[in-house]
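Down below is the structure, laid out as structure tokens.
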Amino acid sequence: MAEKKDNIFKKIGRFFKKSFSDMGESAKAQHEVDKANLAAVKAESKANFEENRGTNTFRKAKEIGKQSWDDAHMTPAERTAKTREEQQKQIEEANARIKAANERYEAAKVTKKAVETTEEKTEKE
């Protein structure tokens, strides 16, 4: 009976040892991912700063600040209405993209049919 308990405890010990080593490896991998993402954000921030250097005037910054202030002090109904407007714009843009994609699809379908019929005619001859 004591041997069985020893075996069980050894199995449990191996299980935890393996689990913790797996968690350690996972944490190290996630740390690498986080470091890479942070470096990417820093690089993008530098690039954005350089691209916008000299274009952001005091007046423009003031307008952006006022907009932010107004957004922060909206009533819930106003915020909901603004969100709905933005969502409606996004839906309209998505519908336009769908329409353009369907037109491309139909054009490709027609061209493919024309090519297939031409190939069939050449094969018959």
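This one's a predicted model, so the numbers in the text were calculated from it and none came from an experiment.
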Checklist entry - Is Ser68 reaching over with its side chain to a backbone N or O of Ile64, donor-acceptor style, under 3.5 angstrom? => result no
Checklist entry - When rounded to the nearest 0.5 angstrom, what distance separates CZ in Arg53 from CG in Asn48? => result 13.0 Å
Checklist entry - Taking only residues two or more places apart in sequence or in another chain, which ones pass side-chain hydrogen bond (donor to acceptor under 3.5 Å, both in side chains) with Asp71? => result Gln67, Lys82
Checklist entry - Taking only residues two or more places apart in sequence or in another chain, which ones pass salt bridge (Lys or Arg N to Asp or Glu O under 4.0 Å) with Lys35? => result Glu32
Checklist entry - Could you state the interatomic distance from NZ (Lys109) to CG (Asn102), rounded to the nearest 0.5 Å? => result 10.0 Å
Next on the checklist: The criterion is salt bridge (Lys or Arg N to Asp or Glu O under 4.0 Å); which residues satisfy it with Lys99, sequence neighbours excluded?
Outcome noted: none
Checklist entry - Rounded to the nearest 0.5 Å, how far does CD of Glu92 lie from CD of Gln90? => result 10.5 Å
Checklist outcome for this item: Between the CD atom in Glu63 and the CZ atom in Phe58, the distance rounded to the nearest 0.5 Å is 11.0 Å
Next on the checklist: Whether the side chain of Glu78 engages the backbone of Thr75 through a donor-acceptor N/O pair (distance < 3.5 Å, no angle test) should be reported.
Outcome noted: yes
Would you be so kind as to tabulate the donor-acceptor pairs closer than 3.5 Å made by side chains of residues 12-29, with sequence neighbours excluded?
{"residue": "Ser19", "atom": "OG", "partner": "Phe15", "partner atom": "O", "Å": "2.8"}
{"residue": "Ser21", "atom": "OG", "partner": "Lys17", "partner atom": "O", "Å": "3.3"}
{"residue": "Ser21", "atom": "OG", "partner": "Lys18", "partner atom": "O", "Å": "2.8"}

Item to check | side-chain hydrogen bond (donor to acceptor under 3.5 Å, both in side chains) against Asp34, all qualifying residues, sequence neighbours excluded | outcome: Gln30
Item to check | Residues in side-chain contact (heavy atoms from CB on, under 4.5 Å) contact with Lys46, at least two apart in sequence or another chain | outcome: none
